[in-house]
**Student:** 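Quick one: the structure is below, and I'll ask about it shortly.
Only this structure's heavy atoms are used, side chains among them; waters, hydrogens and symmetry mates stay out. Order of the sequence lines fixes the chain letters, A, B, ..., with proteins taken first and strands second; residue numbering starts at 1 for each chain.
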2 protein chains.
Amino acid sequence: MVSGKSIKDVAKVAGVSISTVSRVLNDSQNVSSELKQKVLDAVQNLGYRSNTIARALKGMPTKTLGLLIPTIENPFFPSMVRGVQDEAHRNGYSVFLCNTDGSRIIEERQFKLLLDKKVDGIILVASKYTTRYLKNGMEFPIVMIDRYVNSPNFSYVTVDHTMGVRLAIEHLYSLGHRKIAFLGSKLLSSGARERFQSYKRYIEEFKMKFDDSLIVLGEYTYESGIKMVEELMKRKVKFDSILCGNDLIAFGVIEGLKNYGIRVPKDVSVVGYDDITFSSYHNPKLTTIRQPTYEVGQMATRIVIDMISGADRRVKHIKIEPSLVIRETTRKRGSEI
Amino acid sequence: MVSGKSIKDVAKVAGVSISTVSRVLNDSQNVSSELKQKVLDAVQNLGYRSNTIARALKGMPTKTLGLLIPTIENPFFPSMVRGVQDEAHRNGYSVFLCNTDGSRIIEERQFKLLLDKKVDGIILVASKYTTRYLKNGMEFPIVMIDRYVNSPNFSYVTVDHTMGVRLAIEHLYSLGHRKIAFLGSKLLSSGARERFQSYKRYIEEFKMKFDDSLIVLGEYTYESGIKMVEELMKRKVKFDSILCGNDLIAFGVIEGLKNYGIRVPKDVSVVGYDDITFSSYHNPKLTTIRQPTYEVGQMATRIVIDMISGADRRVKHIKIEPSLVIRETTRKRGSEI
DNA sequence: ATAATTTTTGAAAACGTTTGCAAGGTGAAG
DNA sequence: CTTCACCTTGCAAACGTTTTCAAAAATTAT
């Protein structure tokens, strides 16, 4: 009842063969307008909906995409996911969402599962394990988002973190800060690496004194943010501002600083990274580097779909520009600790 | 190449018929252990993976679920989604995630699309449109989460908001507050309605003076929270505490209050609702009613899967208990405005 | 007009499974 | 020894499409 009608029923009602029905439903070419109309009417009357499964079995596209992310519970991902979903739906695709939790086993299993389900393409945020199962010769539409493995064989779309970090440091510098601490992630992912290296690069480019002890590496979490300021305080090194690896860390940092009686931005300026939704709800509102995550997801999807349709098969390496959004956690340098 | 091997190849290698292969892959009954082993070996050697599409065409389950939510960008949903995904994956299911944005057109289209894709079951947060396409006689595994339509025909799992609101008011009452304002949603969804009605009920049950002008209804957003305190202030009514319809409103409320020089919790206590991740990162940390959203998603999934497998077809109406989590935005009543 | 060509149509073979049916085997009961 | 029942196995028919091929019809060229 739910499914019911098949192409056969349509054929019978329209008084034509199933091949004809199939043709008007697809090509719509080489079929007389008279028959075409009959078929269309029959389809209408019966409320016929073509069976995706059967088409898929004949090797037709399933109009289905797979999306592999660490976890949707990380507030960084929802808008990216939304970006791919919107673009996908706009083109008639549905998307399987999978959380890998950064586990090799899960990632690989989910990847295979998606292939089994005959998705037309896959979008994924790469991990250090990704290269293990992504064979280079693979003729399958795949694009990486956010984190990627640098390969001429695979497309990716991410954000220009070098620029992001420059924006942040430039801002802090212009505010008079010269002792900028970096509290980031010790992950080896493309994003974490780029941010860390760019920090070092721009500290030097702006002719500030580079100091190892101004750097603490931890995790991309609130709790880690708190821990990292503790570590920083323990070192008794002077700093007038902090660049954080992401917004979550920044929130933790602000909380951690509060525990030492250090006020933001009065005593210390803090800039985050990502601009997740909550950054503008936080108190004080977070100055941060905005990653256009929605656009990243959207563009990645645009690319897979082009690969699938054959409209454009070239591998693309895209870095979208981030922007600085100034709110309340940074201000002109005054006192120093 | 990606797919390649079929049951036919396995049959050839194992020296048996395809029916036999199919049988060991499914029933595993009525086939001699000798042949069974041969087949299993062949499967192993060839790296054969059964073709989901072909099985689906024969009416076998697709091991696929559909999940329909308003939008993943609402921080209330990610952990609920995670709950269903985890339970789904644990049982070998993949899940299609769809955002409806509360639009009738989209919701209905996505629902049909899921049916077309032959999902085995659907989990959805109901809207006022849901009843339009959900026919009562429908023999299809569906369960609603969070918001629901009250029907003996459909299962749902949600949270006991009556209890949630009682918890909140009880807490505020015990702190000495007697003028509790309610800033909630004007939505007609089950959740919004219950919260509002329970507010009225418990204000009276605790013998506090019920006052219409302590109530403002808006949207479930930060911005609306700000607007609602403005409205409240305009009314010049006295209040010593505020119960918010959700956490997002609460954040807005705290910000809005700040604009009037009113401090939380020193001057006014604020209680949120939901306990989204950020509530514990917010400054001050939000006292709120925790909805166990992960469990809601998980349990809903458990139920659909049971319906699918036939293990348990009964319709279930489940309300999970929320809890009060006391943090920094409430305190014993002192001054009053 | 007829022949040559093109267009429109339908029959039938796939795609990779599951499964009803019947054939062959094996063992127990008569 | 038969007979009967049951277990194991394979053949072939589905499931709902797309698509090749050839026939039929329509069009154009001669």
**Student:** Hey, does B:T20 reach any base, or is it just sugar-phosphate, or nothing, if we go heavy atoms under 4.0 Å?
**Tutor:**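 Sugar-phosphate: the residue B:T20, judged by heavy atoms under 4.0 Å, touches backbone atoms but no base.
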
**Student:** So, is B:N26 near the phosphate of C:dT18, with a side-chain N or O under 4.0 Å from OP1 or OP2?
**Tutor:**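 Indeed, a polar side-chain atom of B:N26 lies that close.
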
**Student:** Does B:N30 make a side-chain N or O approach to OP1 or OP2 of D:dC7 shorter than 4.0 Å?
**Tutor:**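 No, because none of the side-chain N or O atoms of B:N30 sits under 4.0 Å from OP1 or OP2 of D:dC7.
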
**Student:** Does a side-chain N or O from B:S22 land closer than 4.0 Å to OP1 or OP2 of C:dT17, or not?
**Tutor:**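 Indeed not, no polar side-chain atom of B:S22 lies that close.
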
**Student:** OP1 or OP2 of C:dG10 sitting under 4.0 Å from any side-chain N/O of A:S17?
**Tutor:**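 Yes, within the criterion.
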
**Student:** What is the separation between atom CZ on B:R23 and atom P on D:dC11, rounded to the nearest whole Å?
**Tutor:**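 In whole Å, D:dC11 P lies 11 Å from B:R23 CZ.
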
**Student:** Looking across every strand, which nucleic acid part, if any, lies under 4.0 Å from B:S32 by heavy atom: base, sugar-phosphate, or nothing?
**Tutor:**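 Sugar-phosphate contact only.
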
**Student:** Distance check needed: C:dA14 P versus A:L57 CG, whole Å only.
**Tutor:**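 A:L57 atom CG is separated from C:dA14 atom P by 14 Å.
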
**Student:** Write down the distance between CG (B:L25) and C1' (C:dT19), rounded to a whole number of angstrom.
**Tutor:**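 For the pair B:L25 CG and C:dT19 C1', the rounded distance is 15 Å.
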
**Student:** Round to the nearest Å and state the distance from A:I7 atom CD1 to C:dA11 atom C1'.
**Tutor:**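 Atom CD1 in A:I7 sits about 14 Å away from atom C1' in C:dA11.
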
**Student:** Compare the minimum distances between each of D:dG10, D:dT18, D:dC15 and the side chain of A:R55, then state the nucleotide with the smallest one.
**Tutor:**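 The nucleotide sitting nearest to the side chain is D:dT18.
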
**Student:** Does the cation-pi check pass for A:K117 over A:F96, that is, NZ or CZ under 6.0 Å from the six-membered ring centre and within 45° of its axis?
**Tutor:**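 A:K117 over A:F96 ring: yes.
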
**Student:** Looking at B:K63 and A:D116, is there a salt bridge between them, counting it only when a charged N and a carboxylate O are closer than 4.0 Å?
**Tutor:**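 No, A:D116 and B:K63 are not salt-bridged.
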
**Student:** Nearest 0.5 Å, what's the CD1-CG distance between B:I18 and B:D9?
**Tutor:**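 Answer rounded to 0.5 Å: 11.0 Å.
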
**Student:** Can you check whether any acceptor in the base of D:dC11 is under 3.5 Å from a donor in the side chain of B:S19, or vice versa?
**Tutor:**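 Side chain to base: pair found, below 3.5 Å.
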
**Student:** Atom NZ of A:K38 to atom C1' of C:dT9: distance rounded to whole Å?
**Tutor:**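 After rounding, the gap between these two atoms is 13 Å.
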
**Student:** Between A:L35 (CG) and C:dT8 (C1'), how many Å, whole number?
**Tutor:**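 Nearest whole value for this atom pair: 8 Å.
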
**Student:** Nearest whole Å is fine: how far is C:dT9 C1' from A:K36 NZ?
**Tutor:**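 Interatomic distance, NZ of A:K36 to C1' of C:dT9: 15 Å.
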
**Student:** Can you tell me how far the CD1 atom of B:I308 sits from the CG atom of B:N91, to the nearest 0.5 Å?
**Tutor:**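 Atom-to-atom, B:I308:CD1 and B:N91:CG are 9.5 Å apart.
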
**Student:** Tell me: CG of A:N51 to C1' of C:dC15, nearest whole Å?
**Tutor:**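 One finds 13 Å between C1' of C:dC15 and CG of A:N51, rounded.
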
